[in-house]
Amino acid sequence: MYRGQSGMWAWLLHRVTGVAILLFLLVHIVDITILGFGPTVYNNALSVFALPFVRVVSLGLIAAVLYHSFNGVRITLIDFWPQGTKYQQIMWAAVLVLTIGGFLGMGYYVMLPVFHGCPAHQCG
Amino acid sequence: MATRTSVYAKPNAATSSGFEVFSWYFFRISGLVLVFLAIIHLLVMHVSNDVSQTSYDFVAARYANPFWRVYDLLLLTLALLHGMNGLRVMVDDYVRGRGWRLAWQSFLGLVTVTFWLMGTLTIVAFHPGTAPLGAFFHTLFHLK
């Protein structure tokens, strides 16, 4: 039975994170296009990405990219590695561990300026 | 409605065509490349630099090196095609009715081409100190 097992959640999360990343990509293509209006317009527009609220949103993006990446590797291993289906559940656990670990590491650097008021690498 | 003469009728051409096989491989190959391209991109923009530093001058310094232009063009192209192809599969999954499916697929195709051109123009044509879009809209709204 597929429904309700970890495979269903792995699949559903893969689809939801995929759509979220794609939506951000479309927004991101529009925001880099603002480069064509020169430095003043670009710097003013892109300063929204440094706002604390938008940093929290970008945490979601980072989590989505990490999960979609690692689970994508898992899907490819299931397809091409003869032992893949046997270990798919263990691999999903590994995907979640890598996602959470990577997220905590990267999230620390993203949120640090909010608490220190300066870019991460400039804070002692 | 046409009557089906046999339960063993030819399968739907759309689901058995060579394109679907190509799409299946494309997801996996582009996906494996994107794991590296996207995660390195995130590390550069959010860890080794802070988003507040990724200003116009930052882009200018970065794009002085053609490596990053090629990197970003590859990331843009693979990510957009991978993502839009995913949406195409979702339309096949959820949209019922040939007309609606065709409408959605056409719309997705148009979005793909439009956004790819926007991104590519920015990556290829970016030149510090020039504002081609600013000049374009200035001309557009100040026609005498």
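Letters A, B, ... are given to chains in the order of the sequence lines, protein chains preceding strands, and every chain is numbered from 1.
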Asker: Just so I understand: if I count every heavy-atom pair under 4.5 Å between each of A:Ile34, A:Thr33, A:Val65, A:Leu25 and chain B, which residue has the most?
Answerer: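 Greatest number of close heavy-atom pairs with chain B: A:Thr33.
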Asker: Of the backbone (N, CA, C, O) and the side chain (C-beta and beyond), which part of B:Tyr25 lies under 4.5 Å from a heavy atom of chain A, both, or neither?
Answerer: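 Only the side chain of B:Tyr25 comes within 4.5 Å of chain A.
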Asker: Sort B:Phe126 into side chain, backbone, both or neither according to what part of it lies under 4.5 angstrom from a heavy atom of chain A.
Answerer: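 Only the side chain of B:Phe126 comes within 4.5 Å of chain A.
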Asker: Between A:Phe80 and B:Trp24 (judged by ring centroids, cut-off 6.0 Å), do the two rings come close enough to count as a pair?
Answerer: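 Ring-ring flag for A:Phe80/B:Trp24: true, centres closer than 6.0 Å.
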Asker: As an exercise: rank B:Leu76, B:Leu43, B:Leu34, B:Asp57 by heavy-atom pairs under 4.5 Å with chain A and give me the winner.
Answerer: B:Leu43
Asker: Can you tell me if A:Arg74 uses its side chain to pair, donor with acceptor, with the backbone of A:Met91 under 3.5 Å?
Answerer: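 Such a contact is absent between A:Arg74 side chain and A:Met91 backbone.
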Asker: Using the side-chain contact (heavy atoms from CB on, under 4.5 Å) rule, pick out the option among A:Leu77, A:Val73, A:Asn71 that qualifies with A:Ile75.
Answerer: A:Asn71
Asker: Below 4.5 Å from any heavy atom of chain A, which atoms of B:Phe137 appear? Answer side chain, backbone, both or neither.
Answerer: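 The side chain, not the backbone.
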Asker: Relative to chain A, which segment of B:His127 carries a heavy atom at a distance below 4.5 Å: side chain, backbone, both, or neither?
Answerer: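 Interface part for B:His127: neither.
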Asker: Is B:Leu42 close to chain A through its backbone or its side chain, or both, or neither, when contacts mean heavy atoms under 4.5 Å?
Answerer: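 Both parts, backbone and side chain.
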Asker: So which heavy atom on A:Trp92 is nearest to which on A:Ala10, and how close?
Answerer: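 For A:Trp92 and A:Ala10, the tightest heavy-atom pair comes out as NE1-CB, 3.3 Å.
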Asker: Which bit of A:Val30 is near chain B, if near means a heavy-atom gap under 4.5 Å: side chain, backbone, both or neither?
Answerer: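 Both backbone and side chain.
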Asker: We want to know whether B:Ser55 and A:Asn43 form a side-chain donor-acceptor pair, criterion being a heavy-atom distance below 3.5 angstrom.
Answerer: no
Asker: For B:Leu121, is it the side chain, the backbone, both or neither that has a heavy atom under 4.5 Å from a heavy atom of chain A?
Answerer: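 No part of it gets close to chain A.
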Asker: Going by heavy atoms in the side chains, are B:Trp68 and B:Tyr63 under 4.5 Å from each other?
Answerer: yes
Asker: Quick one: which of B:Gly119, B:Ala135, B:Ala79, B:Pro132 has the most heavy-atom pairs under 4.5 Å with chain A, could you say?
Answerer: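 Looking at each option in turn, the highest pair count goes to B:Pro132.
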Asker: Heavy-atom pairs under 4.5 Å with chain B are the metric here; pick the option from A:Pro39, A:Ala50, A:Ser69 that has the most.
Answerer: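 Winner by heavy-atom pair count: A:Pro39.
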Asker: I need the residue from A:Val19, A:Ile62, A:Ile29 with the largest number of non-hydrogen atom pairs under 4.5 Å to chain B.
Answerer: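 Result: the option with the highest number of such pairs is A:Ile29.
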Asker: Below 30° counts as parallel, above 60° as perpendicular, anything between as tilted: where do the rings of B:Phe26 and B:Phe22 land?
Answerer: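 Ring orientation, 0 to 90° scale: parallel.
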Asker: What part of B:Val59 lies closer than 4.5 angstrom to a heavy atom of chain A: side chain, backbone, both or neither?
Answerer: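 B:Val59 touches chain A through side-chain heavy atoms alone.
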Asker: Find out whether the Lys NZ or Arg CZ of B:Arg96 is both under 6.0 angstrom from the six-membered ring centre of B:Trp100 and within 45° of the ring's axis.
Answerer: no
Asker: Any salt bridge linking B:Arg88 with B:Asp93? Criterion: basic side-chain nitrogen under 4.0 Å from a carboxylate oxygen.
Answerer: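 B:Asp93 and B:Arg88: not salt-bridged.
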Asker: Out of A:Ile21, A:Leu51, A:Leu35, return the one with the most heavy atom pairs under 4.5 angstrom to chain B.
Answerer: A:Leu35
Asker: Please look at B:Asp72 and chain A and tell me whether the side chain, the backbone, both or neither of the residue comes under 4.5 angstrom of a heavy atom of that chain.
Answerer: neither
Asker: May I ask you to check whether B:His82 and B:Phe27 place their ring centres under 6.0 Å from each other?
Answerer: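 Yes, they do, as the ring centres are separated by less than 6.0 Å.
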